[in-house]
There are 2 protein chains.
Amino acid sequence: MTMEPQVDPMLDRTTYREVMAEILHRITDGPWGPGTLLPGEIELAEEFGCSRTTMNRALREVTEQGFLDRRRKAGTRVRMAPLRQARFEMPLVRAEIEKAGASYRYALLARDSLPAPDWLRARMRLPAGARVLHLVCVHFADGIAFQLEDRWINARALPQVLKQDFTATGPNEWLVATVPFSEVELSFMACAADAMAVDQLGHAPGDPVFTVERATWWQSEAITLVRLSHRKGYRMTTRY
Amino acid sequence: MTMEPQVDPMLDRTTYREVMAEILHRITDGPWGPGTLLPGEIELAEEFGCSRTTMNRALREVTEQGFLDRRRKAGTRVRMAPLRQARFEMPLVRAEIEKAGASYRYALLARDSLPAPDWLRARMRLPAGARVLHLVCVHFADGIAFQLEDRWINARALPQVLKQDFTATGPNEWLVATVPFSEVELSFMACAADAMAVDQLGHAPGDPVFTVERATWWQSEAITLVRLSHRKGYRMTTRY
DNA sequence: ATGACTATTATGTCTACACATAAGGAGCGC
DNA sequence: GCGCTCCTTATGTGTAGACATAATAGTCAT
């Protein structure tokens with residue numbers, strides 16, 4: 001029984017990834033400078049030797065990356081300035097420190113179970129009388145205090161948290177592995193160093209401290225509120 | 001000539017947006033808790049009354065939003081914790097102020113054309129002897145200083161900038177409309193108030209000032225470096 | 001048992017086609 | 001000129017069908 005030699009029919013096909021790459025190239029280093037009106041999908045599909053569906057997907061994804069502006073009837077245009085948005089990954093401190101090539105150490109400073117104070121109940125939309133666990137910990141990079149973590153965890157939503165002993169690993173890593181979140185509020189700000197920041201991070205009183213506050217909920221139930229104070233001179237940087 | 005009554009065939013169709021909404025609902029408020037293994041695409045498509053293509057797109061987009069984890073053969077699983085990434089839109093100050101319902105006013109404080117100082121050349125990878133335009137401006141919300149802008153623009157890359165008179169509109173709006181960028185470095189930090197911040201933003205000397213620094217390049221050529229200092233108590237917040 | 005091959009399966013992607021929808025633009029009445 | 005309708009056009013989205021690919025699970029020989 002003889003077989004016809006079969007060439008893989010999909011092997012030569014232009015994929016939407018290839019199309020994307022070429023489009024991005026034409027935008028950033030090629031003839032499609034800012035403001036250029038691109039040919040229509042059908043025309044481009046013919047030029048690239050793919051279906052309109054594939055071209056549509058490629059253009060859609062390049063648009064999502066912020067380089068194009070598409071409007072029905074008006075066509076596809078190269079943005080004057082790529083969409084002004086920054087994506088931050090919020091890494092675990094541990095990962096951040098180890099990525100920088102420093103050794104990581106963690107210490108628990110305080111641990112306290114108590115009814116949620118009023119300001120916290122208001123901030124996190126907690127019901128009256130909810131119990132919370134309050135933790136204070138420090139993260140060290142090469143033995144030097146890097147980040148001070150002041151965390152509140154809703155023990156009503158997570159009763160197991162009260163049995164956790166956070167002396168070995170931080171609450172962040174435990175939470176990430178244990179509970180999800182559906183809603184996050186994230187703030188960046190500059191605060192004046194308080195007593196805790198002075199003691200633990202080596203700031204002078206009143207020094208500017210870069211602080212991140214992060215509140216998370218799951219299915220409308222408060223999970224945790226954390227304030228992360230950083231060592232002197234810390235910058236949060238992203239490139240894109 | 002009689003016509004058959006034609007029902008719009010697409011009107012009843014399940015759209016990928018509807019599917020996405022239902023999937024997200026099932027994840028965040030429904031039976032698909034973290035770790036759940038979802039049924040296969042074909043099965044889901046049947047249940048939702050749509051094609052596998054549509055179901056695939058819905059699942060793909062929910063995955064992009066960080067709620068699902070998909071692997072060939074292994075299937076689709078709800079993530080334990082939604083992907084930890086934050087997206088910041090970087091609005092024009094004007095838009096930010098007006099969105100908050102305040103009136104916007106702009107003022108140019110200083111304007112100076114000079115050869116790039118060494119620190120700036122190093123910071124922006126500028127060639128020796130490059131001329132830059134240095135601008136200082138303030139953005140007011142309801143008459144109160146909101147943001148202080150300290151900007152350097154590479155006049156070698158943008159010779160037209162020297163002819164621009166930035167008394168009426170800020171350099172940001174001009175740049176956005178004039179020149180694109182392909183590379184951005186964005187930093188957030190807490191600085192101590194300097195003389196300029198004291199004079200213009202009403203800080204006390206040494207007060208913590210939330211500062212954003214943003215450097216942009218286009219095709220490896222430096223465009224602009226800007227430091228934005230914010231009024232007392234400013235928080236940059238995002239929800240997702 | 002163990003390592004190598006094979007079958008199976010769920011997702012990934014491409015095609016061709018059709019209809020939907022937003023919005024620019026022409027033409028018209030005033 | 002101004003505002004209105006209507007046509008056209010480019011993108012947006014849905015369908016059925018096919019093949020691609022990665023990864024698991026099972027089979028077989030050693």
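We name chains A, B, ... by the order of the sequence lines, and we start the count at 1 in each one.
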Rounded distance in Å - CG (B:Asp69) to P (C:dT11): 12 Å
Indicate yes or no: at least one non-hydrogen side-chain atom of [X] is less than 4.5 angstrom from one of [Y].
{"X": "A:Glu149", "Y": "A:Leu108", "result": "no"}
{"X": "B:Thr15", "Y": "B:Glu18", "result": "yes"}
{"X": "B:Phe146", "Y": "B:Tyr104", "result": "no"}
{"X": "A:Arg17", "Y": "A:Arg57", "result": "no"}

For [N], does either OP1 or OP2 sit under 4.0 Å from a side-chain N or O belonging to [X]?
{"X": "B:Arg71", "N": "C:dT11", "value": "no"}
{"X": "B:Thr54", "N": "D:dT13", "value": "no"}
{"X": "B:Asn56", "N": "C:dG12", "value": "yes"}
{"X": "B:Thr53", "N": "D:dT13", "value": "no"}
{"X": "B:Arg17", "N": "D:dT13", "value": "yes"}
{"X": "B:Arg70", "N": "C:dA10", "value": "no"}

Sugar-phosphate only, base, or nothing, as touched by A:Arg57 at under 4.0 Å among non-hydrogen atoms: sugar-phosphate
First encountered from the 5' end of DNA chain C, between A:Cys50 and B:Ala74: B:Ala74
Minimum-distance nucleotide to B:Thr76 side chain [options: C:dT11, D:dT11, C:dC14]: C:dT11
Upstream residue (5' side of DNA chain D) when A:Pro39 and B:Arg52 are each assigned their closest nucleotide: A:Pro39
base_contact_polar (D:dT21 base, B:Arg72 side chain, donor-acceptor, <3.5 Å): yes
